[in-house]
2 protein chains.
Amino acid sequence: MTDSQVQADRPAPRAKAPGKRERLITAAAQVFHEQGVEKTTLGDIARAADVPVGNVYYYFKTKDQLVEAAIGAHAQQLQDLTALLDQLPTPQDRLKALVGGWVGQRDLAARFGCPFGTLASELDKRDDGLDQAAATVMRLLIDWTERQFRAMGHDDARDLAVTMISAYQGMSLLTNTLRDPDLMTTQGARLQGWIDSLA
Amino acid sequence: MTDSQVQADRPAPRAKAPGKRERLITAAAQVFHEQGVEKTTLGDIARAADVPVGNVYYYFKTKDQLVEAAIGAHAQQLQDLTALLDQLPTPQDRLKALVGGWVGQRDLAARFGCPFGTLASELDKRDDGLDQAAATVMRLLIDWTERQFRAMGHDDARDLAVTMISAYQGMSLLTNTLRDPDLMTTQGARLQGWIDSLA
DNA sequence: GTCTATAGATTGATAGAC
DNA sequence: GTCTATCAATCTATAGAC
């Protein structure tokens, strides 16, 4: 992040650009969450990333590629989170910590909903194939949750995982629609109690 | 629907129009569900309702008014449904029938998600005040559900109602994202079992 | 009341100077 | 590599003929 010529992995930037591409991706993910993909213009993203409008196309040839990059950012964030949670001793600790994290973001959820759920929901109404990329990330979350329930000795771990992620997506949507962060707190506590009852 | 000069209630149509306004509202609600509000043009709605584009503005001065009318249609549909369910003998019968209806629409949910949940989610990312209209309709559904749990003797009827509607919204979103109608069946059965356990 | 034509404003994307 | 200027397409909304 300090010197130049870092990150030789990503496709576009040949030599320089001090993280401009990363700035654009972060800005895109944030603005997509706040305004929705369809309502967001490239100008909005450029402004949020402090990059001139026309320069965006040097890094991303289309708007769809920016959406794809935002999905990738969500995937990375999810990987980081689960890696952190995996350090906790028991599966139920990990699951309850996950729920606790969601509750901690209740104010953001009340304003804009779940950052990934609202994105997945919107992408499903588009003709491009990006909805499948979103589905892959959602599956990653369900898979991790399933492993926890499996470790707790449940044969129906998959169904339990789907139930839990469904509960999260649903309470995020209601929290957002009703603009009530407390709803997230109450339902989160209920969810944690449910996890305890399965331990 | 056969003769003219029907329906003297709605604001716009002075004398004629054989349900053109109603056709536009129905078409709007459907296309909004399939494509999302932001991606839908007035041309799309006009085509679906078999009405010339420019004529739309005789009935609705802005696109927002069409969105508002679509919300109203959802509210009406909800009123009709709950009125029907209220004829069932016990509260748990009514709640389980509601869930059964959701499961029956699993193919539609897999394609486009919950007709009202996706709309509410999208409206929350707009600056107009239509998100509050959506919140009102969502509250109507929660209120009705709460009354059922209350009739079953539960003091925490409100929380239970929020849990149940959350579960529905969440499983609709996952069914849609993963394109898997069976998910709705499995989770619906789980939800019905949960209702039984509370009876 | 119904419809065509078009205005007026945005937006995604490109060309080309620096 | 960076940025300005602009094209071409699209969309909401209006004016006005019928």
Side-chain angles (χ1 to χ4, degrees), chain A residues 3-8 10-25 27-28 31-32 34-70 122-123 125-128 130, chain B residues 3-8 10-25 27-28 31-32 34-70 122-123 125-128 130:
Chain A
D3 284 77
S4 45
Q5 71 180 45
V6 270
Q7 94 226 48
R10 303 304 170 89
R14 290 280 180 198
K16 289 199 178 176
K20 248 185 196 180
R21 186 189 168 86
E22 269 64 28
R23 257 191 7 248
L24 279 168
I25 296 176
V31 182
F32 285 156
E34 295 175 358
Q35 305 187 340
V37 175
E38 213 72 37
K39 222 198 160 195
T40 296
T41 72
L42 295 176
D44 293 334
I45 297 172
R47 196 176 333 112
D50 200 39
V51 165
V53 200
N55 199 4
V56 173
Y57 284 93
Y58 177 76
Y59 297 96
F60 301 94
K61 275 188 267 292
T62 65
K63 186 181 179 182
D64 275 11
Q65 288 192 1
L66 261 168
V67 177
E68 202 172 359
E122 200 179 354
L123 292 181
K125 318 228 156 191
R126 297 178 54 132
D127 15 14
D128 47 46
L130 263 18
Chain B
D3 284 77
S4 46
Q5 71 180 44
V6 269
Q7 94 226 53
R10 302 304 170 89
R14 290 278 181 201
K16 287 198 178 179
K20 248 185 196 181
R21 186 189 169 88
E22 267 64 27
R23 264 199 350 256
L24 279 169
I25 296 176
V31 181
F32 284 157
E34 295 175 359
Q35 306 189 339
V37 175
E38 213 72 38
K39 221 197 161 197
T40 296
T41 71
L42 295 177
D44 292 334
I45 298 172
R47 196 175 335 111
D50 199 38
V51 165
V53 199
N55 198 5
V56 173
Y57 285 93
Y58 176 75
Y59 297 96
F60 301 95
K61 276 190 265 294
T62 65
K63 186 182 178 180
D64 275 12
Q65 287 193 0
L66 261 168
V67 176
E68 203 172 356
E122 201 180 353
L123 291 181
K125 317 227 155 191
R126 298 178 53 132
D127 15 14
D128 47 47
L130 263 18

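Labels below follow one simple rule: chain letters A, B, ... track the order of the sequence lines, proteins then strands, and each chain is numbered from 1. Every value quoted in this text rests on a predicted model; they were computed, and no experiment measured them.
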Next item on the list: Send over the distance from Y59(B) OH to dT12(D) P, rounded to a whole Å.
Entry: 19 Å
Next item on the list: Can you figure out which of dT2(C), dC3(C), dC3(D) approaches the side chain of P52(B) most closely?
Entry: dC3(C)
Next item on the list: Sort and list the pairs that fulfil salt bridge (charged side-chain N to carboxylate O under 4.0 Å, His left out) and have at least one residue in residues 39-50 of chain A, not counting sequence neighbours.
Entry: K39(A)-D127(B), D44(A)-R47(A)
Notebook entry, point to check: Quick one: side chain to side chain contact (heavy atoms under 4.5 Å, CB included) partners of A69(A), sequence neighbours excluded?
Noted result: I25(A), F60(A)
Item checked: For Q35(A), all residues meeting side-chain hydrogen bond (donor to acceptor under 3.5 Å, both in side chains), sequence neighbours excluded -> T40(A)
Note to self: Measuring from the side chain of Y58(B) (C-beta onward, heavy atoms only), which nucleotide among dT2(C), dC3(D), dG12(C) has the closest atom?
What the structure shows: dT2(C)
Give every pair of a protein N or O atom and an N or O atom of nucleotides 13-15 of chain D that lie under 3.5 Å apart, one pair per line with the distance.
from: dA13(D); atom 1: OP2; to: Y57(B); atom 2: OH; distance (Å): 3.4
from: dA13(D); atom 1: OP2; to: K63(B); atom 2: N; distance (Å): 2.9

Note to self: Just to verify, what does E38(A) make a salt bridge (charged side-chain N to carboxylate O under 4.0 Å, His left out) with, not counting sequence neighbours?
What the structure shows: R126(A)
Next item on the list: Calculate the interatomic distance between K39(A) atom NZ and dG12(C) atom P; express it in whole Å.
Entry: 13 Å
Item checked: d(CG, D50(A); C1', dC3(D)) in whole Å -> 13 Å
Check: Can you tell me how far C1' of dT2(C) sits from CZ of R23(B), to the nearest Å?
Finding: 12 Å
Item checked: N55(B) CG - dA17(D) C1' separation (whole Å) -> 14 Å
Notebook entry, point to check: Going by heavy atoms in the side chains, are L66(B) and V56(B) under 4.5 Å from each other?
Noted result: yes
Note to self: So, using side-chain hydrogen bond (donor to acceptor under 3.5 Å, both in side chains) as the criterion, who are the partners of E34(A) when residues are at least two apart?
What the structure shows: Q30(A)
Check: Taking the side chain of T41(B) as its heavy atoms from C-beta onward, which of dT12(D), dT2(D), dT2(C) lies nearest to it?
Finding: dT12(D)
Note to self: Without decimals, in angstroms, what is the distance between L24(A) CG and dC3(D) C1'?
What the structure shows: 14 Å
Notebook entry, point to check: Between dG12(C) atom P and E38(A) atom CD, what is the distance in whole Å?
Noted result: 9 Å
